[in-house]
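Read through the structure below, which is laid out as structure tokens, and then see the notes.
These values consider heavy atoms only, across backbone and side chains, with no hydrogens, waters or symmetry-generated copies. Atoms within a ligand are numbered from 1 in the order they appear, just like the ligands themselves.
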Amino acid sequence: MATYTMISVEEAAATILAHVAPLGTERLPASAAYGRVLAREVRAAEPMPPFNASTMDGYAVLADDPSPRRRVLGIITAGRPLDEAVVPGTAIRIMTGAPLPPGADAVIMQELTREDDGYVILERNARRGESINPRGQDIAEGQVVLEPGSVLGAAELGLLATLGIGEVEVYRRPRVAVLSTGDELVEADQPAPYGAIRDSNRPSLMAAIREAGGEPFSLGIARDDEAVQRRLVRQGLGEADVLVTSGGVSVGTRDLIKPLLEEVGTVYFGSVALKPGKPLTFAKVGEKTAFGLPGNPVSSLVSFEVFVRPALRKLQGYARLHRPTVEVTLGHDVRQTPDRTEYQRATVVWRPDGLYARTTGLQSSSRLLSMVGANALLHIPRGEGTLAAGTRVQALLIGELVTE
Ligand code: AMP
Ligand code: MG
């Protein structure tokens with residue numbers, strides 16, 4: 001097996017992104033496109049509103065009409081236009097959302113009027129354009145309303161419906177095969193005899209993949225046996241766009257993933273100056289992408305966050321690949337690691353005077369509880385010293401901010 005020089009987090013991230021490109025696109029009904037990334041811009045073929053619409057329940061009038069009383073010609077409700085024009089001395093009762101009748105150039109709200117025997121009396125004159133949403137004011141005809149890379153959420157899907165767009169071209173979601181390796185592993189619902197550990201990485205990584213927009217599928221648990229792992233790695237790369245394995249990338253005698261990836265493809269790096277997550281391995285096998293994540297549950301999740309998630313987003317055409325990084329104030333002392341950047345798990349709390357990081361406790365790479373409730377990975381630069389409480393550090397926000 002090759003030996004791997006330890007590369008920086010930045011170099012590792014750049015190498016990965018240089019080797020993944022958006023997958024193909026597919027056309028989907030808008031109703032099935034929630035959460036997808038648009039592959040093409042969307043233009044409005046029609047203006048919105050499609051007609052001059054009343055924004056009030058009231059009377060459509062002529063603003064310059066000096067008549068003290070106006071004869072009410074009829075009523076227009078939303079969806080029920082009237083074939084009648086407003087002329088001086090007249091008005092038409094109109095409801096919110098209804099098209100303004102010809103002639104009228106203002107709507108006076110009902111609260112400023114009084115009806116008397118077929119006539120309406122205005123408390124004050126209407127201003128031209130009052131209480132009207134003019135045709136095309138919300139969306140102009142031909143306007144680009146969504147750029148490629150837009151994520152289809154509630155507002156975007158509403159917009160598509162407004163414009164009568166029933167089908168969209170979106171990027172395909174990556175299929176991601178997830179394999180756990182280790183002789184000690186048993187399924188989560190199984191009893192664990194002495195020496196055994198339940199496989200927590202697979203459910204954990206599959207959830208993270210889903211959150212990142214991928215379609216995970218399980219390859220199960222592979223024993224630390226070359227033939228077994230070779231078969232499953234090949235199967236995963238055959239069926240999926242991305243293979244994510246966990247475990248078996250360290251220097252132990254039963255760590256087989258690195259040589260296997262070398263055998264089937266090109267390994268770009270196998271060691272990153274990151275704590276936790278040092279043995280992270282990245283390979284390409286033709287168009288397919290493989291990540292060998294470390295076995296420790298926190299290491300695998302942290303390296304997923306930092307390296308795999310942005311790659312999955314790039315495959316899906318996201319414009320923004322990375323989570324936001326913000327500056328926070330340490331609420332506790334942090335000992336630095338001499339040779340590696342550390343991503344410490346913390347809860348970042350918003351207070352009126354700024355963002356504060358509260359540690360999630362013991363930061364050992366086996367302790368999943370350090371990840372539970374964490375909404376940030378604190379970027380602790382390598383060094384020999386201690387960062388005292390009060391120091392400002394960068395934090396990668398991996399969850400919602402908390403307020404106190
Ligand atoms: P490895 O990288 O295979 O040497 O594994 C490092 C540590 O992570 C060991 O303590 C393993 O038992 C543990 N580990 C590996 N895979 C998993 C997994 N899928 N679920 C939980 N723990 C794991
Ligand atoms: Mg192992």
NZ or CZ of Arg69 within 45° of Tyr119 ring axis and under 6.0 Å:
yes

Parallel, tilted or perpendicular: which describes the rings of Phe291 and Phe282, with under 30° parallel and over 60° perpendicular?
tilted

Quick one: which ligand 1 atoms are inside 4.0 Å of a heavy atom on [X]?
| X | answer |
| --- | --- |
| Gly248 | 1 (P), 2 (O), 3 (O) |
| Ser180 | 19 (N) |
| Asp199 | 18 (C), 19 (N), 20 (N) |
| Asn296 | 6 (C), 7 (C), 8 (O) |

Looking only at N/O atoms, are [X] and ligand 1 under 3.5 Å apart anywhere?
| X | value |
| --- | --- |
| Arg202 | no |
| Gly295 | yes |
| Val249 | no |

Just checking, is any N or O donor in the side chain of Asp138 or Asn133 under 3.5 Å from an acceptor N or O on the other one?
yes

Would you check if there is a donor-acceptor pair between the side chains of Thr289 and Lys284 at a distance under 3.5 Å?
yes

Contact check, [X] vs ligand 1, heavy-atom distance below 4.0 Å:
| X | result |
| --- | --- |
| Gly182 | no |
| Arg198 | yes |
| Ser200 | yes |

Is the shortest side-chain N to carboxylate O distance from [X] to [Y] below 4.0 Å?
| X | Y | answer |
| --- | --- | --- |
| Arg340 | Glu342 | no |
| Glu384 | Arg335 | no |
| Arg202 | Glu187 | yes |

CG on Asp65 to OG1 on Thr90, rounded to 0.5 Å
7.0 Å

One pair to check against side-chain contact (heavy atoms from CB on, under 4.5 Å): Phe307 and Leu280. What are the steps and the verdict?
CA-CA 9 Å; Phe307 299 109; Leu280 173 74; 3.2 Å; yes

Which protein heavy atom lies closest to atom 11 (C) of ligand 1, and at what distance to 0.1 Å?
Glu184 OE2, 3.0 Å

Among Asp255, Leu368, Asn201, Val298, the residue with a heavy atom nearest to atom 16 (N) of ligand 1 is Asn201

Which part of Ser250 is near ligand 1, with near meaning a heavy atom under 4.0 Å away: side chain, backbone, both or neither?
side chain

Structural part of Ile221 in contact with ligand 1, heavy atom criterion under 4.0 angstrom:
neither

